[in-house]
Undergrad: 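Mind having a look at this structure? Questions to follow.
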Amino acid sequence: MSDSYSPFLTSSASTDSQEDRIVDAAFHDLLNCYVESNHRKKVEIIEKAYRFAKEAHKGARRRSGEPYILHPIAVARIVVEELGLGSTSICAALLHDVVEDTDYTREDIEMAFGKKIADIVEGVTKISGGIFGDKASVQAENFRKLLLSMSTDIRVILVKMADRLHNMRTLGSMRPEKQYKIAGETLYVYAPLAHRLGLSKIKYELEDLAFKYEHPQKYREIIEKVNETEEHRVAIAREFVAPVKKMLDEAGFKYEIKARVKSAYSIYKKMETKKIPFEEIYDVYAVRVIFDNDDDALEKIKCWQIYTFFTENYKTHPERLRDWISIPKANGYRALHLTAMGPEGKWIEVQIRSRKMDEIAELGYAAHWKYKDGVNEDESELDTWMNTIKDILAHPEPNALDFLDTIKLNLFSSEIYVFTPKGDLLTLPTGATVLDMAFAIHSQLGLHCMAGKISHRLVPLSHKLQSGDQVEIITSNSRNPTPEWVDYCYTAKAKSRIRTYLKKAGNADILSPEELDRIATPESSHEEKRSLVKRLLRNPFSSKKKKGEKKAAPIDRKKVFTLYPDDKEPNYHLESCCSPLPGDDVLGFVNEDEEVVLHKVSCPIAMRLKSAYGSRLVVTRWGGSSSKFPATIELDGIDRRHILEEIVELVSHKFNINIRSMNISTHQDVFHCNMSFFTDTAESVDNLCDNLLNLKGVKFAKRVT
């Protein structure tokens with residue numbers, strides 16, 4: 001179609017206004033990025049897409065007040081500069097909101113720019129409102145359509161990733177409850193999806209930005225500590241790599257070495273998981289060696305050669321060698337990792353990559369799939385995953401949230417490698433069972449699986465596989481799935497196929513108690529917690545009031561809701577799945593009775609609610625304190641005489657805390673203690689733990705609930 005399609009396509013409406021100059025400057029910066037890339041230069045169609053989008057969004061503004069067109073320009077720049085894509089994707093990025101937000105249709109886009117660009121714009125448009133909205137079932141269907149589009153043309157999800165990244169970078173202009181919803185959805189879906197596509201740089205930025213809005217204080221604390229230690233960290237890295245640089249130079253390598261630090265969110269997750277302070281995270285330090293390589297046949301040899309340069313100078317951690325060159329990760333990642341003992345007794349992670357490996361690690365091989373150099377060697381891995389997606393879509397979950405969990409299940413899993421009796425290699429997520437492997441080989445094998453045989457010994461369907469296992473699947477034609485089988489597997493494909501079979505056979509599709517436990521917390525073994533989680537998942541805002549009772553006045557979700565724990569009847573409800581305390585980062589969820597229900601922001605249930613019911617969120621702040629909240633702390637240390645007396649003295653007298661229960665045990669010279677009590681705020685518990693750490697012999701003190 002020629003430029004005569006619409007009058008505004010034949011000339012650019014330019015004025016002397018400052019805003020127009022800003023917009024045009026932003027577009028020219030985008031164009032410069034494209035011209036400097038290694039793509040064929042199709043400037044004309046990009047300029048045409050810009051003029052089309054600029055006219056379509058004329059007069060529209062973002063919540064920040066800036067002209068709306070700046071958003072698609074920014075998304076297009078991410079597409080070319082950070083994802084390495086070409087003109088088709090750039091045009092789709094410039095046009096990605098036109099069908100959603102203006103009177104133009106998909107047909108208009110196709111007439112002006114062709115079917116490919118129109119297909120990508122349509123694919124992105126289908127999920128423009130977020131993965132989930134108020135009607136989760138409708139939005140889940142949109143998510144299915146996205147995945148279907150993605151399995152046909154990966155550029156759909158790459159443009160959507162760029163869109164989400166820019167929205168997260170500009171999230172500060174949104175209302176607080178919108179920030180919660182978007183940040184939660186980003187952590188729940190988009191960061192794992194970026195991981196699965198090999199977009200590591202984008203994954204880490206999405207996680208950090210979501211973390212920044214969900215836990216602003218913790219984010220600031222970690223960033224401050226990272227910045228405080230930067231000079232020292234750089235000095236240690238410089239000293240560490242000095243002897244290796246000498247050997248690299250002598251061997252004639254062309255290379256660069258980068259010092260890096262773990263992302264704020266990764267540090268936070270490790271602190272929470274291991275219940276350790278920032279100072280005790282040993283792999284905050286890391287260096288990356290990136291070498292130039294002209295001969296693919298020598299790539300692996302050179303990686304191992306550089307590995308020997310480190311082992312000749314330093315002691316390495318025997319359990320931290322990761323060879324992702326011989327068997328790449330399922331997302332295409334290839335590198336050689338080791339952890340060595342550096343200066344001052346600091347463990348330092350080393351990543352060894354060729355320039356090509358580094359590009360794939362940062363951008364993901366999906367970004368190069370069939371659009372740069374035609375078919376590449378990594379295509380088979382991506383095709384395998386795409387086929388898995390198509391397989392799941394062909395057997396969809398009936399429940400919207402179950403469907404998302406089924407898809408998400410495998411996005412963030414690390415991998416194990418197992419072998420068939422004939423020696424064929426299969427890649428499965430960590431946690432996969434014999435039943436998962438059976439379904440991975442063939443659906444009929446899974447549906448009739450009885451057991452597995454590993455090292456000449458029979459193992460049950462639910463047996464978790466380890467890397468290196470060689471597994472024979474034992475089947476029987478008389479064997480068919482039962483509802484318990486859903487608990488015997490881990491992968492999306494296996495769960496989906498079993499539920500489809502059960503549905504056809506007339507069995508109710510319900511979550512098992514074990515699944516409900518996993519969705520809540522590791523400690524959720526009590527019946528009341530299971531019923532709570534089940535209620536939240538199936539109808540999270542069902543009425544708690546008796547028939548005839550009046551609902552409270554509607555809560556204004558646009559205003560910050562102040563929590564008053566010291567009132568005789570607090571103006572909120574606490575859910576026992578995560579037991580938040582005043583001072584914790586909490587999410588307010590408004591139920592059907594217009595009552596505010598609190599969860600910790602990090603609670604798995606909260607994460608689901610943020611993704612599924614964003615309009616029912618309300619931002620909260622603590623407005624008082626009370627001494628009626630239960631808390632539990634764990635203590636570890638070196639046993640000695642009077643240690644118990646000193647702990648009780650500090651807790652009971654110095655802090656005036658009434659201990660509810662205390663369980664202490666010793667093994668050889670090490671003691672472990674669990675202590676429960678009532679307190680007023682999370683800050684009080686943290687303060688108590690800091691004081692306990694000052695006692696001689698106490699090495700660990702952390703709140704667990």
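Hydrogens, waters and symmetry mates are skipped; everything else that's a heavy atom, side chains included, is used.
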Undergrad: Using side-chain hydrogen bond (donor to acceptor under 3.5 Å, both in side chains), reason through E299 and S354 one step at a time and then give a plain yes or no.
TA: CA-CA 7 Å; E299 189 178 52; S354 68; 2.5 Å; yes
Undergrad: Considering non-hydrogen atoms only, spot the tightest contact between P328 and Y417 and give its length.
TA: O-OH, 3.3 Å
Undergrad: Regarding R703 and D584, does a basic nitrogen lie under 4.0 Å from an acidic carboxylate oxygen?
TA: yes
Undergrad: Using atom types as modelled and distance alone, determine if a side-chain donor or acceptor of N687 lies under 3.5 Å from a backbone N or O of E683.
TA: no
Undergrad: Is the count of non-hydrogen atoms from other residues, nucleotides or ligands lying under 6.0 Å from E231 atom CD greater than 12?
TA: no
Undergrad: So, do F240 and F310 have ring centers that fall under 6.0 Å from each other?
TA: yes
Undergrad: Measure from the ring center of Y180 to the ring center of Y213 and say whether it is less than 6.0 Å.
TA: no
Undergrad: Could you report the tightest heavy-atom contact between T186 and R164, atom names first, then the distance?
TA: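 Closest approach of T186 to R164: OG1-NH1, 3.0 Å.
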Undergrad: Return yes when atom CD of E250 has more than 12 non-hydrogen atoms of other residues, nucleotides or ligands closer than 6.0 Å, and no otherwise.
TA: yes
Undergrad: L187 versus Y265: any side-chain heavy-atom pair under 4.5 Å?
TA: yes
Undergrad: Is it true that atom NZ of K41 has more than 12 heavy atoms of other residues, nucleotides or ligands lying nearer than 6.0 Å?
TA: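 Atom NZ in K41 is crowded, with more than 12 foreign heavy atoms closer than 6.0 Å.
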Undergrad: Would one find more than 12 heavy atoms of other residues, nucleotides or ligands at under 6.0 Å from atom CD of Q466?
TA: no
Undergrad: Would you find more than 12 non-hydrogen atoms of other residues, nucleotides or ligands less than 6.0 Å from Y204 atom OH?
TA: no
Undergrad: Just say parallel, tilted or perpendicular for the rings of H215 and Y268, cut-offs at 30° and 60°.
TA: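 Ring orientation of H215 relative to Y268: tilted.
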Undergrad: Determine yes or no for a side-chain-to-main-chain donor-acceptor pair under 3.5 angstrom, with N227 supplying the side chain and E224 the backbone.
TA: no
Undergrad: Shortest non-hydrogen contact from E239 to Y314?
TA: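 So the two residues come closest at O-OH, 3.7 Å.
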Undergrad: Using only atom types and a distance under 3.5 Å, with no angle test, would you say the side chain of T273 pairs donor to acceptor with the backbone of K269?
TA: yes
Undergrad: With side-chain contact (heavy atoms from CB on, under 4.5 Å) as the test, would you mind laying out the steps for T427 and V418 before giving the verdict?
TA: CA-CA 7 Å; T427 302; V418 294; over 6 Å; no
Undergrad: Rounded to the nearest 0.5 Å, what's the gap from CG on N313 to CE on M247? Could you check?
TA: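 CE of M247 is found 5.5 Å from CG of N313.
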Undergrad: For a side-chain contact (heavy atoms from CB on, under 4.5 Å) check, start with the C-alpha distance between L209 and R169, then their side-chain angles and the critical distance, and finish with the verdict.
TA: CA-CA 7 Å; L209 288 168; R169 287 173 176 173; 4.0 Å; yes
Undergrad: Could you check V241 against V289 for side-chain contact (heavy atoms from CB on, under 4.5 Å), going step by step and ending with a plain yes or no?
TA: CA-CA 10 Å; V241 301; V289 181; over 6 Å; no
Undergrad: Using the side-chain hydrogen bond (donor to acceptor under 3.5 Å, both in side chains) rule, take T311 and T308 through it: C-alpha gap first, then chi angles, then the decisive distance, then the call.
TA: CA-CA 5 Å; T311 58; T308 64; 5.3 Å; no
Undergrad: Evaluate the side-chain contact (heavy atoms from CB on, under 4.5 Å) criterion for residues N293 and L298: first the C-alpha distance (whole Å), next the side-chain angles of each, then the deciding distance (0.1 Å), finally the verdict.
TA: CA-CA 8 Å; N293 178 57; L298 297 177; 4.2 Å; yes
Undergrad: Determine the minimum heavy-atom distance between L158 and L83, stating which atoms define it.
TA: O-CD1, 3.4 Å
Undergrad: For the residue pair Y333 and W324, does the interplanar ring angle fall in the parallel (under 30°), tilted (30 to 60°) or perpendicular (over 60°) class?
TA: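 The rings of Y333 and W324 stand perpendicular, inter-plane angle above 60°.
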Undergrad: Calculate, to the nearest 0.5 Å, the distance between atoms NZ and CG belonging to K203 and L206 respectively.
TA: 10.5 Å
Undergrad: With a 4.5 Å limit on heavy-atom distance, are the side chains of D249 and Y255 in contact?
TA: yes
Undergrad: Between D436 and T433, is the side-chain hydrogen bond (donor to acceptor under 3.5 Å, both in side chains) condition met? List the steps.
TA: CA-CA 5 Å; D436 288 309; T433 65; 3.2 Å; yes
Undergrad: Please report the interatomic distance CD(E256) to CD1(I290), rounded to the nearest 0.5 Å.
TA: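 If I round to the nearest 0.5 Å, the distance is 4.5 Å.
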Undergrad: Under a 3.5 Å distance rule, please check whether Q179 uses its side chain to pair with a backbone N or O of M174 as donor and acceptor.
TA: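 Yes.
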Undergrad: Please determine whether the number of non-hydrogen atoms from other residues, nucleotides or ligands lying under 6.0 Å from atom CG of D295 exceeds 12.
TA: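 Enclosed.
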Undergrad: Below 4.5 Å, heavy atoms only, C-beta onward: do E230 and H232 meet side chain to side chain?
TA: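 With C-beta onward as the side chain, the pair stays apart.
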Undergrad: Take atom CG in D669; do more than 12 heavy atoms of anything else shown fall under 6.0 Å from it?
TA: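 Counting neighbours around CG of D669, 12 or fewer heavy atoms of other residues, nucleotides or ligands fall under 6.0 Å, so no.
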Undergrad: To the closest 0.5 Å, what do you measure between NZ (K302) and CZ (F291)?
TA: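 With rounding to 0.5 Å, NZ (K302) is 6.5 Å from CZ (F291).
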Undergrad: Do any pairs count as a salt bridge (Lys or Arg N to Asp or Glu O under 4.0 Å) and have a residue in residues 638-651, sequence neighbours left out, and if so which ones?
TA: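 For residues 638-651: R640-E646.
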Undergrad: Charged N to carboxylate O below 4.0 Å: is that the case for K218 and D585?
TA: yes
Undergrad: Where is the tightest heavy-atom contact between M271 and I222, given as atom of each residue plus distance?
TA: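 Here M271 and I222 meet closest at SD-CD1, 4.1 Å.
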Undergrad: Let me confirm one number: the CE-CE distance from M662 to M675, rounded to the nearest 0.5 Å.
TA: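 Going from CE on M662 over to CE on M675, the span is 3.5 Å.
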Undergrad: Can you name the residues that form a salt bridge (Lys or Arg N to Asp or Glu O under 4.0 Å) with D358, not counting sequence neighbours?
TA: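 So D358 forms a salt bridge (Lys or Arg N to Asp or Glu O under 4.0 Å) with R353.
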Undergrad: Would you call L692 and I633 a side-chain contact if the rule is heavy atoms closer than 4.5 Å?
TA: yes
Undergrad: Do N674 and H672 pass the side-chain hydrogen bond (donor to acceptor under 3.5 Å, both in side chains) test, and can you show the C-alpha distance, the side-chain angles, and the key distance before you say yes or no?
TA: CA-CA 7 Å; N674 273 76; H672 177 78; 2.9 Å; yes
Undergrad: Do D323 and W304 touch side chain to side chain, with heavy atoms closer than 4.5 Å?
TA: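 Yes, side chains in contact.
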Undergrad: Taking 4.0 angstrom as the limit, do D636 and K699 come out as a salt bridge?
TA: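 K699 and D636: not salt-bridged.
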Undergrad: If you look at every heavy atom in K300 and S326, which pair is closest and at what distance?
TA: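 Shortest heavy-atom separation between K300 and S326 comes out as NZ-OG, 3.8 Å.
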Undergrad: Rounded to the nearest 0.5 Å, what's the gap from CD on E349 to CZ on R288? Could you check?
TA: 9.0 Å
Undergrad: State, with a plain yes or no, whether a side-chain heavy atom of K654 is found less than 4.5 Å away from one of N691.
TA: yes
Undergrad: Any side-chain donor paired with an acceptor under 3.5 Å for T170 and S173?
TA: no
Undergrad: I want to check something: taking the side chain as every heavy atom from C-beta on, are T339 and V350 in contact at a cut-off of under 4.5 Å?
TA: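 No, side chains not in contact.
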Undergrad: Hey, does I182 have a side-chain heavy atom less than 4.5 Å from the side chain of M168?
TA: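 The answer is yes, as the side chains (C-beta and beyond) meet within the 4.5 Å cut-off.
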